There are 2 protein chains.
Amino acid sequence: MKEIYDCDLGCPVQNTLQFISGKWKSVILYHIFKNDVLRFSELQAKLPYVSKRMLAKQLSELEADGILDKQIYPVIPVKTEYRVTKLGSSLYPVIEAMEIWGTNYTQIVK
Amino acid sequence: MKEIYDCDLGCPVQNTLQFISGKWKSVILYHIFKNDVLRFSELQAKLPYVSKRMLAKQLSELEADGILDKQIYPVIPVKTEYRVTKLGSSLYPVIEAMEIWGTNYTQIVK
DNA sequence: CCGAATCCCCACAGATACTG
DNA sequence: CAGTATCTGTGGGGATTCGG
């Protein structure tokens, strides 16, 4: 679990960014929120423009930060599943706000 | 104004990220939301860990994207003011969600 | 005071190949 | 299948300077 670390008192936004500022983290979370559970290959399919290496890095950071939980099934071939932790699920309102804006901003512009 | 550009249909979050994914953009927006209007030097004071060059870049991108409005007063020395546009103000719920989470996550963890 | 221009470097991301 | 390891290049960002 990531250390709790106020990098800028007076700017709580900064604290949130520590967890989701990775280039693809919000998108990964969005997909896992929508699907509850996703395998590595399923995430790859949903993010074809993100390299395997990049995806693995973002996932391991999210896991290290206590946002995601990784289940490994030692079958052959290996199978892994990612889901949100309790802490991760608390980020839902943030992702939801981004989802809403991303859905509606076209109309806002007009 | 930034072209509206769906880089990933089925992931509206991605659209939002186009506008606020810059390293410091959310924090800049947070401070301007709190203060309505901020000068360049005031933003510098609030973000001491961000270089002048970086701050200017983020601000000009936010302006180019139609999120911020820049007022230049051609006095000597020059004075500039940044405030949110209508489009920018529509991002308030997103920043607010990040602010709320950043304020409360310590308790969520426990 | 604000910010653009130039130089420069190294951290980060892609490509590829390898492993349990 | 789900990653790691290594190598390589590129551009993001700091430091500095200049200009309005």
Side-chain angles (χ1 to χ4, degrees), chain A residues 2 7-8 14 17-29 31-32 35-65 67-85 88, chain B residues 2 7-8 14 17-29 31-32 35-85:
Chain A
K2 184 173 209 160
C7 45
D8 180 3
Q14 197 68 51
L17 283 177
Q18 290 177 66
F19 290 86
I20 59 164
S21 66
K23 221 173 185 176
W24 307 108
K25 289 183 184 174
S26 322
V27 183
I28 291 169
L29 281 173
H31 287 296
I32 297 184
N35 295 274
D36 288 333
V37 181
L38 284 176
R39 305 186 50 180
F40 188 86
S41 51
E42 291 171 328
L43 282 163
Q44 271 193 294
K46 289 181 185 302
L47 298 143
Y49 42 88
V50 180
S51 71
K52 192 177 170 184
R53 172 191 162 85
M54 209 35 211
L55 181 57
K57 186 163 170 280
Q58 302 278 302
L59 285 169
S60 77
E61 285 181 19
L62 285 167
E63 191 199 356
D65 287 354
I67 305 292
L68 289 186
D69 187 39
K70 170 160 73 167
Q71 282 293 327
I72 305 179
Y73 298 88
V75 294
I76 296 186
V78 180
K79 170 178 169 178
T80 61
E81 287 180 347
Y82 293 91
R83 67 199 77 211
V84 291
T85 61
Chain B
K2 184 173 208 159
C7 46
D8 181 2
Q14 196 69 51
L17 284 176
Q18 291 177 65
F19 290 87
I20 59 165
S21 67
K23 223 173 186 175
W24 308 108
K25 290 183 183 174
S26 324
V27 183
I28 291 169
L29 281 172
H31 286 296
I32 297 185
N35 295 275
D36 288 333
V37 180
L38 283 177
R39 302 186 50 182
F40 188 86
S41 52
E42 292 172 328
L43 281 163
Q44 270 194 293
K46 289 178 186 303
L47 297 142
Y49 41 87
V50 180
S51 72
K52 190 179 167 185
R53 171 191 160 83
M54 209 37 211
L55 182 56
K57 187 162 169 278
Q58 302 277 301
L59 285 169
S60 76
E61 285 180 18
L62 285 167
E63 192 199 355
D65 288 354
I67 304 292
L68 289 186
D69 187 39
K70 171 163 69 167
Q71 281 292 328
I72 306 179
Y73 298 88
V75 294
I76 296 186
V78 180
K79 170 177 167 178
T80 60
E81 287 181 346
Y82 293 90
R83 66 200 77 215
V84 292
T85 61

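Throughout, protein chains are lettered first and strands after them, A, B, ... in sequence-line order, and every chain is numbered starting at 1. All values reported here derive from a predicted model rather than from experimental measurement. Below, each value reflects all heavy atoms present in this structure, side chains not excepted, and no hydrogens, waters or symmetry copies.
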Return the value, rounded to whole Å, for the distance between atom CZ of Arg53(A) and atom C1' of dC12(C). 8 Å
Could you report the tightest heavy-atom contact between Ser26(B) and Ile20(B), atom names first, then the distance? OG-O, 3.7 Å
Does the side chain of Glu63(A) come under 3.5 Å of the side chain of Tyr82(A) through a donor N or O and an acceptor N or O? no
Between Lys46(A) and Glu42(A) (salt bridge meaning N to carboxylate O under 4.0 Å), is one present in this structure? no
Write down the atom of Arg39(A), the atom of Val78(A), and the distance for their closest heavy-atom approach. NH2-O, 3.9 Å
Does Ser60(B) have a side-chain nitrogen or oxygen under 4.0 Å from the phosphate oxygens OP1 or OP2 of dG3(C)? no
Going through the checks in order, is the side-chain contact (heavy atoms from CB on, under 4.5 Å) test met by Trp24(A) and Leu55(A)? CA-CA 8 Å; Trp24(A) 307 108; Leu55(A) 181 57; over 6 Å; no
Which atom of Asp36(A) lies closest to which atom of Arg83(A), heavy atoms considered: O-CB, 3.4 Å
When the distance from CG of Leu55(A) to P of dA15(C) is rounded to whole Å, what number comes out? 14 Å
Testing the basics here: between Ile28(B) and Leu47(B), what is the closest heavy-atom pair and its distance to 0.1 Å? CG1-CD1, 3.9 Å
Would you tell me if any nitrogen or oxygen in the side chain of Ser51(A) comes within less than 4.0 Å of OP1 or OP2 on dG14(C)? yes
For Lys52(A), which contact category applies under a 4.0 Å heavy-atom criterion: base, sugar-phosphate, or nothing? base
Can you confirm whether Leu68(A) sits close enough to Thr85(A) that some side-chain heavy atom of one is under 4.5 Å from a side-chain heavy atom of the other? no
From the list Ile67(A), Leu62(A), Leu29(A), side-chain contact (heavy atoms from CB on, under 4.5 Å) partner of Phe19(A) resolves to Ile67(A)
Among residues 75-85 of chain B, which ones have heavy-atom contacts with DNA chain C below 4.0 Å? Pro77(B), Val78(B), Thr80(B), Tyr82(B)
Please report the closest heavy-atom contact between Lys23(B) and Gln58(B), naming both atoms and the distance. N-OE1, 3.6 Å
Can you check whether Lys70(B) has a side-chain N or O nearer than 4.0 Å to OP1 or OP2 of dG3(C)? yes
The first and last nucleotides of DNA chain D lying within contact of chain A, meaning any atom under 4.0 Å from one of its heavy atoms, run from dC1(D) to dT6(D)
Without decimals, in angstroms, what is the distance between Lys57(A) NZ and dA11(C) P? 13 Å
Quickly work out the Leu43(B) CG to dC2(C) P distance and round it to whole Å. 10 Å
What distance separates Lys70(B) NZ from Leu59(B) CG, expressed to the nearest 0.5 Å? 8.0 Å
How large an angle, rounded to 10°, do the end axes of the helix from dC1(C)-dG20(D) to dG20(C)-dC1(D) enclose when each is built from five base pairs? 50°
Hey, is the side chain of Lys23(A) poking within less than 4.0 Å of OP1 or OP2 on dA13(C), counting only N and O atoms? no
